Amino acid sequence: MARLPELNYQLAGPDGAPWVTFIPGIGNDASFWAFQAERLAARFRVLTFDPWGHAGSPPPPRECGFKDTVEGIIQLWDRLGVDRSSLVGLGFGGSTALALGLDHPERVERIVACCCRPRQPDDRRDFWRGRLGKARAEGLGQLADATVDRWLSEAFRARAPEVDARLRAMFKRTSVEGYCAYVNAFIEMDFDTRLAALRVPTLLVAAEQDHGGGPVADMQAMSARIPGARLQVLADCGHICNQEAPEAVTKLLEGFLG
């Protein structure tokens, strides 16, 4: 594959420790996993990064597809001398982690995939096409607010206004070009028929109140098809579970990756 734009990244944790790579989702940057990354950096060499067109990373490649988003991480690992790494992702990031385990199992130690799918159902693809049109016509200002309204429950936003504000600011650091590239990749993504071939130890994390990104029933079905996969369901929690239940998610990561 041709050389892809270099991703902006951050490193933390001791040299020589096992690697953990946190993969952001659409409208997320390296800061999305900051709580978990800081905790895991006590025992792991932690890599976080901004997707193309998000925060500090350059624009995406032309006609960016799902394969590009996977290979961009491999090229970042090659640049940093990462032979093997565990992966953590949520939403599109979780799907990307699973795809990396399928395409590059020799490079992946363990996978924690939260609130995600291997393929967008047809009605969800139409939903995302609508988002593309809105982003191109209106920019990301109102779309960012509408998205975070869906990410977080009204009760949680009232309880944690600082998290609400932080996620809105993060989304608004994303360019329209970057957002649209990753949404197109999300629509295109489909490795549903390959799940049984995944041989990397995998923990799937579902959220009880996630009704769009990775509903519990879909995560249960995916768990049944991945050999040896474990499934953990977080009660009273929505799609962005690492923000609504940061301690619970961190403990799952420490237990599974340790």
Side-chain angles (χ1 to χ4, degrees), residues 6-15 17-57 69 72-73 76-77 80 82 85-97 100 110-116 140 144-145 147-148 150-153 156-157 159-175 178-179 182 203 205 207 210 213-214 232 234 237-258:
E6 293 188 349
L7 294 160
N8 183 55
Y9 67 91
Q10 299 173 3
L11 297 175
D15 289 332
W19 284 90
V20 175
T21 302
F22 286 90
I23 306 178
I26 299 169
N28 305 157
D29 57 35
S31 68
F32 182 73
W33 287 105
F35 183 91
Q36 289 78 22
E38 182 178 0
R39 285 274 289 272
L40 265 64
R43 291 190 290 134
F44 294 92
R45 187 68 164 156
V46 173
L47 168 62
T48 55
F49 66 90
D50 301 323
W52 295 308
H54 293 57
S57 279
T69 67
I73 296 170
L76 177 58
W77 282 351
L80 297 174
V82 180
S85 177
S86 290
L87 293 166
V88 180
L90 186 152
F92 182 76
S95 300
T96 305
L100 274 160
R110 287 175 172 259
I111 296 170
V112 181
C114 308
C115 302
C116 60
L140 295 188
D145 290 328
T147 299
V148 177
R150 291 178 60 253
W151 278 354
L152 303 174
S153 68
F156 180 80
R157 292 202 305 273
R159 190 166 70 245
E162 73 287 352
V163 176
D164 180 67
R166 186 169 67 244
L167 291 175
R168 291 174 197 275
M170 177 189 68
F171 200 107
K172 291 173 183 177
R173 289 195 293 270
T174 306
S175 70
Y179 176 82
Y182 280 86
L203 171 64
V205 180
D210 181 9
Q232 181 74 42
L234 297 175
C237 189
H239 177 60
I240 306 297
C241 61
N242 71 315
Q243 303 289 327
E244 287 202 33
E247 285 287 353
V249 171
T250 303
K251 288 178 181 177
L252 288 174
L253 296 181
E254 290 172 335
F256 186 71
L257 301 177

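Predicted model only: the values in this text are computed from it and were never measured. Values below: all heavy atoms of this structure, side chains included; hydrogens, waters and symmetry mates excluded.
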Enquirer: Do side-chain atoms of Asn242 reach the backbone of Val249 as a donor and acceptor pair under 3.5 angstrom?
Expert: no
Enquirer: Taking all atoms of both residues into account, what is the closest heavy-atom pair of Thr174 and Leu140, and its distance?
Expert: O-CD1, 3.1 Å
Enquirer: Do side-chain atoms of Arg45 reach the backbone of Asp15 as a donor and acceptor pair under 3.5 angstrom?
Expert: no
Enquirer: Within the distance-only criterion (no hydrogens, no angle test), does the side chain of Tyr182 pair as donor or acceptor with the backbone N or O of Trp52 below 3.5 angstrom?
Expert: yes
Enquirer: Between His239 and Leu90, is any pair of side-chain heavy atoms under 4.5 Å apart?
Expert: yes
Enquirer: Using a 3.5 Å distance criterion without hydrogens, assess whether the side chain of Asp50 forms a donor-acceptor pair with backbone atoms of Gly56.
Expert: yes
Enquirer: Partners of Phe22 by ring pair (Phe, Tyr, Trp, His ring centres under 6.0 Å), sequence neighbours excluded?
Expert: Trp33
Enquirer: Tell me the closest heavy-atom pair linking Pro246 and Thr250, and the distance in Å.
Expert: O-OG1, 2.7 Å
Enquirer: Does the side chain of Arg110 come within less than 4.5 Å of Val20's, by heavy atoms?
Expert: no
Enquirer: What's the shortest heavy-atom distance between Ala17 and Arg43, and which atoms?
Expert: CB-O, 3.6 Å
Enquirer: Hey, are the side chains of Ile240 and Val163 touching, using non-hydrogen atoms and a 4.5 Å cut-off?
Expert: no
Enquirer: For the residue pair Leu7 and Phe49, what are the closest heavy atoms and their distance?
Expert: CD1-CD1, 3.9 Å
Enquirer: State, to 0.1 Å, how close Gln243 and Phe156 come at their nearest heavy-atom pair, and which atoms those are.
Expert: O-CZ, 3.5 Å
Enquirer: Below 4.5 Å, heavy atoms only, C-beta onward: do Leu252 and Val205 meet side chain to side chain?
Expert: yes
Enquirer: For Arg168 and Val148, indicate whether the former's side chain and the latter's backbone hold a donor-acceptor pair under 3.5 Å.
Expert: no
Enquirer: Closer than 4.0 angstrom, basic N to acidic O: yes or no for Glu247 and Arg39?
Expert: yes
Enquirer: Does the side chain of Val88 reach to within under 4.5 Å of the side chain of Gln36, using non-hydrogen atoms?
Expert: no
Enquirer: Do Val46 and Leu11 touch side chain to side chain, with heavy atoms closer than 4.5 Å?
Expert: no
Enquirer: Ignoring hydrogens, what is the shortest heavy-atom contact between Gly27 and His54? Give both atom names and the distance.
Expert: N-NE2, 3.1 Å
Enquirer: For Ala207, check side chain to side chain contact (heavy atoms under 4.5 Å, CB included) against everything at least two apart and list the hits.
Expert: Cys115, Asp210, Cys237, Cys241
Enquirer: Does the Ser175 side chain pair with the main chain of Gly178, one donor and one acceptor, at a distance under 3.5 Å?
Expert: yes
Enquirer: Among side-chain atoms of Thr21 and Ser85, is any donor-acceptor pair under 3.5 angstrom?
Expert: yes
